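One structure below.
What you are looking at is a predicted structure, and each value in this text was computed from that prediction instead of being measured. Quick note on labels: first sequence line is chain A, next is B, and so on, each numbered from 1. What's counted below: heavy atoms across the whole structure, side chains too, no hydrogens, waters or symmetry copies.
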Number of protein chains: 2
Amino acid sequence: MDDHTDQIRKPRADAVRNRERVLEAAKAVFNAGGPEASLEAVAKRAGVGIGTLYRHFPTREALFEAVYRREVEQLSELAEQLKNAKDPVAALRRWLHSGVEFVATKKGMMAALALAVQSGSELHAFSFDRLTKAIGSLLDRAVAAGGMRADISPEDLLRAFFGMCYVHDQAGWQATALRLLDVFIDGLRVRPKIKERAARRTSPAAKRKR
Amino acid sequence: MDDHTDQIRKPRADAVRNRERVLEAAKAVFNAGGPEASLEAVAKRAGVGIGTLYRHFPTREALFEAVYRREVEQLSELAEQLKNAKDPVAALRRWLHSGVEFVATKKGMMAALALAVQSGSELHAFSFDRLTKAIGSLLDRAVAAGGMRADISPEDLLRAFFGMCYVHDQAGWQATALRLLDVFIDGLRVRPKIKERAARRTSPAAKRKR
DNA sequence: TTGTTAAACGGAGGGTGCCTCCGTATCTTC
DNA sequence: GAAGATACGGAGGCACCCTCCGTTTAACAA
(Lines give C-alpha, C1' and ligand atoms only; values in the text may rest on other atoms or scores of the structure.)
Protein backbone atom coordinates (compact mmCIF):
# COMPACT_ATOMS: atom_id res chain seq x y z
CA MET A 1 0.00 0.00 0.00
CA ASP A 2 2.43 2.59 -1.21
CA ASP A 3 4.21 3.53 -4.36
CA HIS A 4 1.59 4.75 -6.82
CA THR A 5 1.99 8.47 -6.63
CA ASP A 6 -1.53 9.63 -5.97
CA GLN A 7 -1.58 11.64 -9.11
CA ILE A 8 -5.08 12.79 -9.77
CA ARG A 9 -6.70 12.18 -13.07
CA LYS A 10 -7.81 15.14 -15.02
CA PRO A 11 -11.49 15.62 -14.22
CA ARG A 12 -13.73 14.27 -16.89
CA ALA A 13 -14.80 16.71 -19.50
CA ASP A 14 -18.45 15.73 -19.47
CA ALA A 15 -18.60 16.11 -15.71
CA VAL A 16 -17.30 19.63 -15.85
CA ARG A 17 -19.62 20.51 -18.66
CA ASN A 18 -22.66 19.07 -16.94
CA ARG A 19 -21.92 20.79 -13.69
CA GLU A 20 -21.86 24.05 -15.51
CA ARG A 21 -25.07 23.32 -17.33
CA VAL A 22 -26.88 22.47 -14.16
CA LEU A 23 -25.68 25.63 -12.53
CA GLU A 24 -26.84 27.65 -15.47
CA ALA A 25 -30.24 26.00 -15.50
CA ALA A 26 -30.64 26.34 -11.77
CA LYS A 27 -29.88 30.02 -11.91
CA ALA A 28 -32.52 30.52 -14.54
CA VAL A 29 -35.10 28.37 -12.83
CA PHE A 30 -34.60 29.80 -9.38
CA ASN A 31 -34.52 33.38 -10.51
CA ALA A 32 -37.76 32.84 -12.33
CA GLY A 33 -39.81 30.37 -10.41
CA GLY A 34 -38.59 31.03 -6.93
CA PRO A 35 -36.95 28.63 -4.58
CA GLU A 36 -39.80 26.13 -4.60
CA ALA A 37 -38.98 25.18 -8.14
CA SER A 38 -38.46 21.49 -8.58
CA LEU A 39 -35.01 20.11 -8.99
CA GLU A 40 -36.33 17.88 -11.66
CA ALA A 41 -37.24 20.97 -13.63
CA VAL A 42 -33.70 22.14 -13.26
CA ALA A 43 -32.36 18.84 -14.46
CA LYS A 44 -34.64 18.81 -17.42
CA ARG A 45 -33.71 22.31 -18.36
CA ALA A 46 -30.06 21.45 -18.06
CA GLY A 47 -30.63 18.45 -20.26
CA VAL A 48 -29.19 16.03 -17.77
CA GLY A 49 -30.66 13.25 -15.72
CA ILE A 50 -31.81 13.86 -12.22
CA GLY A 51 -29.10 11.56 -10.98
CA THR A 52 -26.44 13.76 -12.46
CA LEU A 53 -27.85 16.78 -10.75
CA TYR A 54 -27.79 15.05 -7.41
CA ARG A 55 -24.28 13.82 -7.90
CA HIS A 56 -23.00 17.31 -8.40
CA PHE A 57 -25.15 18.94 -5.77
CA PRO A 58 -26.19 16.45 -3.14
CA THR A 59 -28.71 18.76 -1.52
CA ARG A 60 -30.90 21.55 -2.60
CA GLU A 61 -28.91 23.80 -0.34
CA ALA A 62 -25.66 22.96 -2.03
CA LEU A 63 -27.15 23.98 -5.32
CA PHE A 64 -28.44 27.21 -3.86
CA GLU A 65 -25.12 28.12 -2.46
CA ALA A 66 -23.42 27.44 -5.72
CA VAL A 67 -25.94 29.49 -7.64
CA TYR A 68 -25.82 32.50 -5.36
CA ARG A 69 -22.19 32.37 -4.45
CA ARG A 70 -21.30 35.05 -6.92
CA GLU A 71 -23.98 37.35 -5.63
CA VAL A 72 -22.86 36.90 -2.08
CA GLU A 73 -19.34 37.61 -3.11
CA GLN A 74 -20.37 40.79 -4.84
CA LEU A 75 -22.17 41.94 -1.77
CA SER A 76 -19.13 41.12 0.24
CA GLU A 77 -16.83 43.01 -2.07
CA LEU A 78 -19.08 46.00 -1.91
CA ALA A 79 -18.56 46.01 1.81
CA GLU A 80 -14.85 45.98 1.18
CA GLN A 81 -15.11 49.11 -0.88
CA LEU A 82 -17.40 50.85 1.53
CA LYS A 83 -14.91 50.30 4.28
CA ASN A 84 -13.10 53.37 3.06
CA ALA A 85 -16.04 55.70 3.16
CA LYS A 86 -15.63 58.61 5.47
CA ASP A 87 -18.94 58.14 7.27
CA PRO A 88 -19.04 54.55 8.50
CA VAL A 89 -22.64 54.65 9.57
CA ALA A 90 -23.72 55.84 6.18
CA ALA A 91 -21.57 53.13 4.67
CA LEU A 92 -23.41 50.49 6.60
CA ARG A 93 -26.68 51.93 5.55
CA ARG A 94 -25.68 51.93 1.94
CA TRP A 95 -24.58 48.37 2.16
CA LEU A 96 -27.88 47.26 3.58
CA HIS A 97 -29.72 49.16 0.92
CA SER A 98 -27.70 47.40 -1.72
CA GLY A 99 -28.69 44.17 -0.10
CA VAL A 100 -32.30 45.06 -0.67
CA GLU A 101 -31.48 45.74 -4.27
CA PHE A 102 -30.00 42.32 -4.65
CA VAL A 103 -32.95 40.61 -3.11
CA ALA A 104 -35.23 42.56 -5.38
CA THR A 105 -33.38 41.45 -8.47
CA LYS A 106 -32.79 37.79 -7.81
CA LYS A 107 -35.89 35.90 -7.00
CA GLY A 108 -34.18 33.02 -5.29
CA MET A 109 -31.75 35.19 -3.38
CA MET A 110 -33.85 35.23 -0.26
CA ALA A 111 -33.84 31.48 -0.13
CA ALA A 112 -30.10 31.54 -0.45
CA LEU A 113 -29.82 34.05 2.35
CA ALA A 114 -32.20 32.04 4.43
CA LEU A 115 -29.61 29.32 4.41
CA ALA A 116 -26.97 31.72 5.55
CA VAL A 117 -29.16 33.13 8.26
CA GLN A 118 -30.37 29.87 9.63
CA SER A 119 -26.88 28.51 9.34
CA GLY A 120 -28.51 25.34 10.50
CA SER A 121 -26.08 22.87 11.97
CA GLU A 122 -22.41 22.34 11.28
CA LEU A 123 -21.71 23.23 7.70
CA HIS A 124 -21.85 26.88 8.48
CA ALA A 125 -22.34 27.91 4.99
CA PHE A 126 -19.96 29.91 2.94
CA SER A 127 -22.49 32.69 2.71
CA PHE A 128 -22.85 32.99 6.42
CA ASP A 129 -19.15 33.50 6.97
CA ARG A 130 -18.80 35.81 4.08
CA LEU A 131 -21.70 38.03 4.92
CA THR A 132 -20.97 38.01 8.59
CA LYS A 133 -17.47 39.19 7.92
CA ALA A 134 -18.67 41.85 5.54
CA ILE A 135 -21.11 43.22 8.01
CA GLY A 136 -18.67 42.84 10.82
CA SER A 137 -16.08 45.01 9.18
CA LEU A 138 -18.55 47.77 8.53
CA LEU A 139 -20.00 47.47 11.97
CA ASP A 140 -16.65 47.53 13.68
CA ARG A 141 -15.63 50.67 11.94
CA ALA A 142 -18.85 52.37 12.84
CA VAL A 143 -18.46 51.36 16.43
CA ALA A 144 -14.85 52.39 16.51
CA ALA A 145 -15.74 55.76 15.09
CA GLY A 146 -18.07 56.15 18.01
CA GLY A 147 -21.17 56.29 15.89
CA MET A 148 -22.79 53.11 16.93
CA ARG A 149 -23.56 51.00 19.93
CA ALA A 150 -21.43 47.96 20.41
CA ASP A 151 -23.80 45.33 21.65
CA ILE A 152 -25.06 44.05 18.36
CA SER A 153 -23.21 41.33 16.58
CA PRO A 154 -22.81 40.98 12.84
CA GLU A 155 -24.90 37.84 13.01
CA ASP A 156 -27.67 39.78 14.66
CA LEU A 157 -27.55 42.44 12.03
CA LEU A 158 -27.57 39.89 9.27
CA ARG A 159 -30.63 38.31 10.77
CA ALA A 160 -32.33 41.63 11.12
CA PHE A 161 -31.56 42.47 7.55
CA PHE A 162 -32.97 39.23 6.40
CA GLY A 163 -36.04 39.68 8.50
CA MET A 164 -36.77 43.08 7.06
CA CYS A 165 -36.64 41.65 3.59
CA TYR A 166 -38.85 38.77 4.44
CA VAL A 167 -41.85 40.09 2.61
CA HIS A 168 -39.90 40.26 -0.60
CA ASP A 169 -42.79 39.32 -2.79
CA GLN A 170 -45.34 41.80 -1.78
CA ALA A 171 -45.96 44.89 -3.82
CA GLY A 172 -43.98 47.80 -2.49
CA TRP A 173 -41.94 45.72 -0.10
CA GLN A 174 -38.76 47.47 -1.11
CA ALA A 175 -39.83 50.80 0.25
CA THR A 176 -40.91 49.09 3.44
CA ALA A 177 -37.66 47.25 3.82
CA LEU A 178 -35.61 50.37 3.29
CA ARG A 179 -37.67 52.27 5.79
CA LEU A 180 -37.41 49.54 8.37
CA LEU A 181 -33.70 49.27 7.89
CA ASP A 182 -33.32 52.99 8.34
CA VAL A 183 -35.23 52.84 11.56
CA PHE A 184 -33.07 50.02 12.70
CA ILE A 185 -29.90 51.87 11.95
CA ASP A 186 -31.25 54.84 13.80
CA GLY A 187 -31.70 52.54 16.73
CA LEU A 188 -28.14 51.42 16.44
CA ARG A 189 -26.76 54.90 16.50
CA VAL A 190 -25.27 56.35 19.51
CA ARG A 191 -27.24 59.51 19.95
CA PRO A 192 -25.94 61.84 17.27
CA LYS A 193 -25.43 65.57 17.37
CA ILE A 194 -28.60 67.32 16.51
CA LYS A 195 -27.44 69.05 13.38
CA GLU A 196 -26.06 65.92 11.86
CA ARG A 197 -29.31 64.15 12.41
CA ALA A 198 -31.44 66.90 10.98
CA ALA A 199 -29.30 66.92 7.90
CA ARG A 200 -29.74 63.26 7.28
CA ARG A 201 -33.45 63.56 7.66
CA THR A 202 -33.86 65.31 4.36
CA SER A 203 -32.93 62.42 2.13
CA PRO A 204 -34.28 58.96 2.90
CA ALA A 205 -37.65 58.46 4.56
CA ALA A 206 -40.62 57.44 2.50
CA LYS A 207 -43.91 59.17 3.04
CA ARG A 208 -46.28 57.09 5.03
CA LYS A 209 -49.55 56.17 3.41
CA ARG A 210 -52.21 56.13 6.05
CA MET B 1 -89.22 28.85 -6.10
CA ASP B 2 -90.55 30.26 -2.88
CA ASP B 3 -92.38 29.09 0.15
CA HIS B 4 -90.12 26.64 1.93
CA THR B 5 -88.90 28.70 4.81
CA ASP B 6 -85.17 28.35 4.60
CA GLN B 7 -84.95 26.97 8.05
CA ILE B 8 -81.54 25.59 8.63
CA ARG B 9 -81.04 22.11 9.88
CA LYS B 10 -79.12 21.70 13.06
CA PRO B 11 -75.55 20.99 12.07
CA ARG B 12 -74.72 17.33 12.19
CA ALA B 13 -73.24 16.12 15.41
CA ASP B 14 -70.49 14.10 13.81
CA ALA B 15 -69.40 17.06 11.75
CA VAL B 16 -69.01 19.24 14.80
CA ARG B 17 -67.20 16.54 16.68
CA ASN B 18 -64.81 15.82 13.85
CA ARG B 19 -64.00 19.42 13.29
CA GLU B 20 -63.02 19.67 16.90
CA ARG B 21 -60.95 16.55 16.75
CA VAL B 22 -59.06 17.74 13.74
CA LEU B 23 -58.36 21.04 15.38
CA GLU B 24 -57.10 19.29 18.46
CA ALA B 25 -54.88 16.98 16.49
CA ALA B 26 -53.56 19.80 14.35
CA LYS B 27 -52.64 21.81 17.39
CA ALA B 28 -50.68 18.91 18.80
CA VAL B 29 -49.00 18.05 15.55
CA PHE B 30 -48.07 21.58 14.60
CA ASN B 31 -46.82 22.49 18.01
CA ALA B 32 -44.63 19.46 18.01
CA GLY B 33 -43.50 18.82 14.49
CA GLY B 34 -43.51 22.31 13.15
CA PRO B 35 -45.46 23.64 10.25
CA GLU B 36 -44.10 21.18 7.75
CA ALA B 37 -46.00 18.37 9.37
CA SER B 38 -48.14 16.46 6.97
CA LEU B 39 -51.85 16.95 6.95
CA GLU B 40 -52.25 13.25 6.62
CA ALA B 41 -50.55 12.88 9.96
CA VAL B 42 -53.06 15.29 11.42
CA ALA B 43 -55.93 13.35 9.95
CA LYS B 44 -54.62 10.10 11.24
CA ARG B 45 -54.10 11.49 14.69
CA ALA B 46 -57.58 12.89 14.67
CA GLY B 47 -58.89 9.53 13.63
CA VAL B 48 -60.66 10.87 10.58
CA GLY B 49 -60.15 10.40 6.88
CA ILE B 50 -58.09 12.84 4.93
CA GLY B 51 -61.17 13.86 3.03
CA THR B 52 -62.86 14.97 6.20
CA LEU B 53 -59.93 17.12 7.13
CA TYR B 54 -60.00 18.82 3.77
CA ARG B 55 -63.71 19.39 3.92
CA HIS B 56 -63.42 21.27 7.17
CA PHE B 57 -60.24 23.12 6.29
CA PRO B 58 -59.85 23.43 2.57
CA THR B 59 -56.30 24.67 2.75
CA ARG B 60 -53.38 24.26 5.03
CA GLU B 61 -53.64 27.95 5.78
CA ALA B 62 -57.22 27.68 6.90
CA LEU B 63 -56.20 25.05 9.37
CA PHE B 64 -53.36 27.17 10.63
CA GLU B 65 -55.54 30.12 11.19
CA ALA B 66 -58.03 28.06 13.06
CA VAL B 67 -55.37 26.52 15.23
CA TYR B 68 -53.66 29.78 16.13
CA ARG B 69 -56.67 31.98 16.25
CA ARG B 70 -56.83 31.81 20.00
CA GLU B 71 -53.21 32.77 20.36
CA VAL B 72 -53.58 35.71 18.06
CA GLU B 73 -56.57 36.82 20.02
CA GLN B 74 -54.67 36.61 23.26
CA LEU B 75 -51.93 38.72 21.84
CA SER B 76 -54.46 41.15 20.64
CA GLU B 77 -56.14 41.37 24.00
CA LEU B 78 -52.87 41.96 25.67
CA ALA B 79 -52.47 44.99 23.48
CA GLU B 80 -55.84 46.13 24.68
CA GLN B 81 -54.70 46.00 28.26
CA LEU B 82 -51.41 47.68 27.58
CA LYS B 83 -53.20 50.58 26.02
CA ASN B 84 -53.71 51.97 29.47
CA ALA B 85 -50.09 51.91 30.51
CA LYS B 86 -48.66 55.24 31.36
CA ASP B 87 -45.59 54.94 29.16
CA PRO B 88 -46.83 54.06 25.69
CA VAL B 89 -43.41 53.34 24.29
CA ALA B 90 -42.69 50.89 27.05
CA ALA B 91 -46.09 49.36 26.43
CA LEU B 92 -45.24 48.73 22.82
CA ARG B 93 -41.97 47.21 23.83
CA ARG B 94 -43.64 44.93 26.30
CA TRP B 95 -46.12 43.83 23.73
CA LEU B 96 -43.42 42.91 21.29
CA HIS B 97 -41.58 41.03 23.95
CA SER B 98 -44.70 39.06 24.71
CA GLY B 99 -44.90 38.25 21.05
CA VAL B 100 -41.48 36.68 21.27
CA GLU B 101 -42.69 34.66 24.20
CA PHE B 102 -45.58 33.36 22.18
CA VAL B 103 -43.42 32.36 19.30
CA ALA B 104 -41.09 30.61 21.68
CA THR B 105 -43.88 28.56 23.16
CA LYS B 106 -45.84 27.51 20.11
CA LYS B 107 -43.77 25.84 17.52
CA GLY B 108 -46.15 26.47 14.67
CA MET B 109 -46.90 30.02 15.64
CA MET B 110 -44.38 31.49 13.27
CA ALA B 111 -46.00 29.75 10.37
CA ALA B 112 -49.30 31.18 11.45
CA LEU B 113 -47.81 34.63 11.68
CA ALA B 114 -46.17 34.16 8.33
CA LEU B 115 -49.63 33.97 6.88
CA ALA B 116 -50.61 37.16 8.57
CA VAL B 117 -47.48 38.93 7.46
CA GLN B 118 -47.56 37.84 3.88
CA SER B 119 -51.25 38.51 3.81
CA GLY B 120 -50.94 37.12 0.35
CA SER B 121 -53.82 38.00 -1.90
CA GLU B 122 -57.40 38.88 -1.08
CA LEU B 123 -58.43 36.93 1.97
CA HIS B 124 -56.53 39.26 4.21
CA ALA B 125 -56.43 36.90 7.05
CA PHE B 126 -58.08 37.35 10.36
CA SER B 127 -54.70 37.42 12.02
CA PHE B 128 -53.43 40.22 9.89
CA ASP B 129 -56.31 42.51 10.75
CA ARG B 130 -56.27 41.61 14.36
CA LEU B 131 -52.56 42.07 14.88
CA THR B 132 -52.39 45.14 12.75
CA LYS B 133 -55.07 46.75 14.83
CA ALA B 134 -53.39 45.72 18.03
CA ILE B 135 -50.10 47.21 17.00
CA GLY B 136 -51.79 50.20 15.51
CA SER B 137 -53.45 51.17 18.74
CA LEU B 138 -50.22 50.95 20.66
CA LEU B 139 -48.34 52.77 17.98
CA ASP B 140 -50.85 55.56 17.72
CA ARG B 141 -50.74 56.23 21.39
CA ALA B 142 -46.98 56.33 21.39
CA VAL B 143 -46.96 58.70 18.48
CA ALA B 144 -49.65 60.86 20.01
CA ALA B 145 -47.68 61.05 23.23
CA GLY B 146 -44.86 62.42 21.20
CA GLY B 147 -42.56 59.53 21.92
CA MET B 148 -42.32 58.04 18.52
CA ARG B 149 -41.90 58.92 14.91
CA ALA B 150 -45.01 58.73 12.82
CA ASP B 151 -43.82 57.36 9.54
CA ILE B 152 -44.02 53.68 10.33
CA SER B 153 -47.24 51.84 9.79
CA PRO B 154 -48.54 49.02 11.94
CA GLU B 155 -48.06 46.69 9.02
CA ASP B 156 -44.44 47.67 8.83
CA LEU B 157 -43.96 47.03 12.49
CA LEU B 158 -45.67 43.70 12.28
CA ARG B 159 -43.38 42.72 9.48
CA ALA B 160 -40.36 43.87 11.38
CA PHE B 161 -41.45 41.92 14.40
CA PHE B 162 -41.91 38.85 12.35
CA GLY B 163 -38.56 39.29 10.71
CA MET B 164 -36.76 39.57 14.00
CA CYS B 165 -38.27 36.30 15.11
CA TYR B 166 -37.43 34.56 11.91
CA VAL B 167 -34.65 32.50 13.38
CA HIS B 168 -36.96 31.03 15.93
CA ASP B 169 -35.33 27.65 15.92
CA GLN B 170 -31.79 28.52 16.60
CA ALA B 171 -30.37 28.25 20.06
CA GLY B 172 -30.53 31.54 21.87
CA TRP B 173 -32.69 33.20 19.28
CA GLN B 174 -34.92 34.71 21.91
CA ALA B 175 -32.21 36.89 23.34
CA THR B 176 -31.32 37.97 19.84
CA ALA B 177 -34.86 38.78 18.95
CA LEU B 178 -35.40 40.81 22.07
CA ARG B 179 -32.21 42.72 21.50
CA LEU B 180 -33.07 43.43 17.90
CA LEU B 181 -36.53 44.58 18.82
CA ASP B 182 -35.11 46.90 21.42
CA VAL B 183 -32.81 48.42 18.89
CA PHE B 184 -35.67 48.84 16.53
CA ILE B 185 -37.77 50.58 19.11
CA ASP B 186 -34.89 52.83 19.89
CA GLY B 187 -34.85 53.70 16.24
CA LEU B 188 -38.51 54.51 16.37
CA ARG B 189 -38.15 56.87 19.26
CA VAL B 190 -38.13 60.50 18.79
CA ARG B 191 -34.87 61.49 20.34
CA PRO B 192 -35.42 61.19 24.08
CA LYS B 193 -34.05 63.27 26.89
CA ILE B 194 -30.68 62.08 27.96
CA LYS B 195 -31.53 61.06 31.50
CA GLU B 196 -34.47 58.99 30.45
CA ARG B 197 -32.37 57.10 28.01
CA ALA B 198 -29.57 56.44 30.42
CA ALA B 199 -32.05 55.07 32.89
CA ARG B 200 -33.51 52.62 30.45
CA ARG B 201 -30.08 51.42 29.54
CA THR B 202 -29.64 49.61 32.79
CA SER B 203 -32.27 46.95 32.31
CA PRO B 204 -32.58 45.33 28.91
CA ALA B 205 -29.51 44.78 26.75
CA ALA B 206 -27.88 41.39 26.66
CA LYS B 207 -24.15 41.14 26.84
CA ARG B 208 -22.58 40.61 23.51
CA LYS B 209 -20.62 37.44 23.03
CA ARG B 210 -17.74 38.16 20.71
C1' DT C 1 -90.55 3.91 14.68
C1' DT C 2 -89.52 4.20 10.31
C1' DG C 3 -88.51 6.43 5.84
C1' DT C 4 -86.47 10.11 3.32
C1' DT C 5 -82.92 12.91 2.20
C1' DA C 6 -79.33 16.19 2.83
C1' DA C 7 -74.93 16.20 4.87
C1' DA C 8 -70.73 14.21 6.04
C1' DC C 9 -67.46 10.44 5.83
C1' DG C 10 -63.30 8.15 4.19
C1' DG C 11 -59.95 6.51 1.37
C1' DA C 12 -58.61 5.12 -3.29
C1' DG C 13 -56.28 7.18 -6.87
C1' DG C 14 -53.81 10.40 -9.82
C1' DG C 15 -50.35 13.78 -9.64
C1' DT C 16 -45.85 15.79 -8.22
C1' DG C 17 -41.53 15.94 -6.16
C1' DC C 18 -37.66 13.89 -3.52
C1' DC C 19 -33.78 10.99 -3.53
C1' DT C 20 -31.25 6.40 -4.26
C1' DC C 21 -29.37 2.86 -6.71
C1' DC C 22 -27.13 0.51 -10.28
C1' DG C 23 -26.67 -1.17 -15.13
C1' DT C 24 -24.75 1.29 -18.95
C1' DA C 25 -22.04 4.67 -21.41
C1' DT C 26 -18.05 7.54 -21.79
C1' DC C 27 -13.74 9.52 -20.80
C1' DT C 28 -8.75 9.19 -19.43
C1' DT C 29 -4.68 6.91 -19.35
C1' DC C 30 -1.32 3.67 -20.77
C1' DG D 1 -6.98 0.04 -28.66
C1' DA D 2 -7.84 -1.89 -24.11
C1' DA D 3 -8.56 -1.33 -19.27
C1' DG D 4 -10.25 0.85 -15.56
C1' DA D 5 -12.06 4.69 -13.38
C1' DT D 6 -15.69 7.92 -13.48
C1' DA D 7 -19.95 9.78 -14.65
C1' DC D 8 -24.55 9.27 -16.70
C1' DG D 9 -29.57 8.69 -16.52
C1' DG D 10 -33.83 7.30 -15.28
C1' DA D 11 -36.59 3.70 -13.11
C1' DG D 12 -38.53 2.97 -8.81
C1' DG D 13 -39.79 3.49 -3.95
C1' DC D 14 -41.48 6.80 -0.87
C1' DA D 15 -44.13 10.65 1.00
C1' DC D 16 -47.28 14.06 0.48
C1' DC D 17 -50.93 16.75 -1.79
C1' DC D 18 -55.63 17.13 -3.05
C1' DT D 19 -60.03 15.52 -5.48
C1' DC D 20 -63.75 12.77 -6.32
C1' DC D 21 -67.49 9.87 -5.39
C1' DG D 22 -69.76 5.61 -3.54
C1' DT D 23 -71.19 4.68 1.13
C1' DT D 24 -72.74 5.86 5.69
C1' DT D 25 -75.12 8.49 9.08
C1' DA D 26 -77.58 11.98 11.38
C1' DA D 27 -81.70 15.16 11.29
C1' DC D 28 -86.30 15.70 10.43
C1' DA D 29 -91.09 14.43 9.17
C1' DA D 30 -94.82 11.27 9.14
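- Atom NZ in A/Lys10 sits roughly 14 Å away from atom P in D/dA7 (whole-Å rounding).
- Taking side-chain N and O atoms only, B/Thr52 has no distance below 4.0 Å to OP1 or OP2 of C/dA8.
- Contact detail for A/Val16 and A/Pro11: the closest heavy-atom pair is CG2-CB, 4.3 Å.
- If B/Ala13 and A/Val48 are placed on DNA chain D by their nearest nucleotide, the residue sitting closer to the 5' end is A/Val48.
- Using a 30° and 60° split on the angle between ring planes, B/Tyr166 and B/His168 fall in the perpendicular class, above 60°.
- At least one side-chain heavy atom of A/Leu63 sits under 4.5 Å from a side-chain heavy atom of A/Leu23.
- Straight-line distance from the CZ atom of A/Phe57 to the P atom of D/dC8: 11 Å, rounded to whole Å.
- Going from atom CZ of B/Arg17 over to atom P of D/dA26 covers 7 Å, rounded to whole Å.
- The backbone N or O of B/Val48 lies less than 3.5 Å from no partner atom in the side chain of B/Thr52, so there is not a single donor-acceptor pair.
- Formation of a donor-acceptor pair under 3.5 Å by the A/Gln170 side chain with backbone atoms of B/Gln118 is found in this model.
- If you check residues 20-33 of chain A against DNA chain D, you find no residue with a heavy atom closer than 4.0 Å.
- OP1 and OP2 of D/dA7 both lie 4.0 Å or more from every side-chain N or O belonging to A/His56.
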Protein and nucleotides 15-19 of chain C: nitrogen or oxygen contacts under 3.5 angstrom:
residue: C/dC18; atom: OP1; partner: A/Arg60; partner atom: NH2; Å: 2.4
residue: C/dC18; atom: OP2; partner: A/Leu39; partner atom: N; Å: 3.1
residue: C/dC19; atom: OP2; partner: A/Tyr54; partner atom: OH; Å: 2.7
residue: C/dC19; atom: N4; partner: A/Glu40; partner atom: OE2; Å: 3.3

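- The closest side-chain donor-acceptor pair between B/Ser38 and B/Glu40, if any, does not fall under 3.5 angstrom.
- By the 4.5 Å heavy-atom criterion applied to side chains, B/Pro35 and B/Phe30 are not counted as neighbours.
- Between B/Arg70 and B/Lys27, some side-chain heavy-atom pair lies under the 4.5 Å cut-off.
- The nearest whole Å value for the distance from the CG atom in B/Asn18 to the P atom in D/dT24 is 17 Å.
- Donor-acceptor pairing under 3.5 Å, judged by distance alone, is absent between the side chain of A/Arg9 and the base of C/dT29.
- Between A/Phe161 and A/Asp156, the closest side-chain pair of non-hydrogen atoms is not below 4.5 Å.
- With rounding to whole Å, B/Asp14 atom CG is found 9 Å from D/dT25 atom P.
- Across the protein-nucleic acid pair, B/Lys44 atom NZ and C/dA12 atom P stand 12 Å apart, rounded to whole Å.
- Between the CZ atom of B/Arg55 and the C1' atom of C/dG11 there is a distance of 11 Å, rounded to whole Å.
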